[in-house]
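Take a look at the structure set out below.
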Amino acid sequence: MKRILFASLCALSSFGSLACDFSSVKFEHDFAAARLDQCKQINDSTYQLTLIPENTPINDSPWYAFKVVADKPTDIKVIMKVVDGHHRYPPKISLDGQNWQLQKYRLRKNKLSFHLKVSEKPTWISAQEILTNEQYYQWGKYLAQQQYISQEVLGNSTQDRPIYKIETKGEGKDWLVILGRQHPPEITGALAIFPFTETLLSDSKLASKFRKKFNILVIPNLNPDGVQLGNWRHNANGIDLNRSWKSFDQVESKHVDDYLSSLVGKNQKMRMAVDFHSTKKDIFYTMPSDYGMEQPYLVETWLNSLDKQYPDFNVIQQPGNNPGKGVFKQYFTDKYNAHAITYEMGDNTDRRFINTLAVSAANTLMTTLLNSDPITGK
Ligand SMILES: [Zn+2]
């Protein structure tokens, strides 16, 4: 199967006019995943934009995405302030909303500023690459052209947006679960889930053999409301979904729990889960190998083997156990006695490397699971 480039997937729709509209310069935020909370003109060429979280308290991940359009070619200065937080993402610039480059900027006393040459043609500025609900849907639709892959609605979000699941069913009972986008701005984790999944679903010899034995469930975009609204972290109820796996008071996590329970009710077995996120650095949060999972060294074997393939890159494994927090990884292990990891890519990790590593991680995981011995647990 051919790898899909993100650029070919981008389809942004508009939702009426919602602009910070000044006489000759406009800041538009009327598209999917756009976010700009307040705008103010400081002088002829300087504009101050304010980023405000959906609610507080909240993790410090101010998201922004907007387009700038001017009557005529003009040089402007943009200053961005954050309410209730600190800047996390260096600005990216694009002339088509698809291909992005790092924008030169200055950060002083939590004010981020940069100069732009703007014109009638829109200039896009965003915290990270923009990755919309529509792009996920189109990706799943593309994958599901293969007879052995399906894409279906798992359930609807708080604001009634569909949450999709992509699935393959083999001959065995074991399931590998892949989850993504609990936290909307964590784009580098999202950039990893595409190549990771495509490797598992590819027509390589290894993947074909793997899928005969293992079933795969991918829920790549669990928080479509947060993605649409350009939220910093939460769903439409202002809740961190990765703290809702104990209470299950949010429909998004409830849909997943219900579905996994229904599979287990049909004599299926949860074997492993990988949940994709982003943070400051590349790190893999695991469950401690002495926690009591079946095959206790499975994840260690997988990640050690991945580490050996990259002499210049350190695959950091950080075991942790937080029973009270409602984190997906903990829930999966506690409920199914199976391994779960949080796969975190650094916010600024090289995008090509994210791709390369995800392909290796998926291949190595398949080899590890196929070779794993239920008796020795390795
Ligand atoms: Zn996260």
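One-based numbering, in listed order, for ligands and for the atoms of each. The figures that follow rest on heavy atoms only: side chains count, while hydrogens, waters and symmetry mates do not. The first residue in the sequence is number 1, and the count goes up from there. Bear in mind the structure is a predicted one, so any value in this text is a computation, not a measurement.
Judged by the 6.0 Å distance and 45° axis criteria, Lys67 is positioned over the aromatic ring of Trp124.
Among the atoms of Glu344, no N, O or S atom is found under 2.8 Å from the Zn ion (ligand 1).
Its N, O or S atom nearest to the Zn ion (ligand 1) is what matters here, and for Glu186 that atom is OE1. Residue His183 approaches the Zn ion (ligand 1) most closely through its N/O/S atom ND1. When distances from the Zn ion (ligand 1) to the N, O or S atoms of His277 are compared, ND1 comes out shortest.
Under the 3.5 Å distance criterion, with hydrogens and angles disregarded, a donor-acceptor pair is assigned to the side chains of Ser372 and Arg271. Remark: the Gln250 side chain and the Asn237 side chain contain an N/O donor-acceptor pair separated by less than 3.5 Å.
Relative orientation of the Phe196 and Tyr343 rings is perpendicular, given thresholds of 30° and 60° on the angle between their planes.
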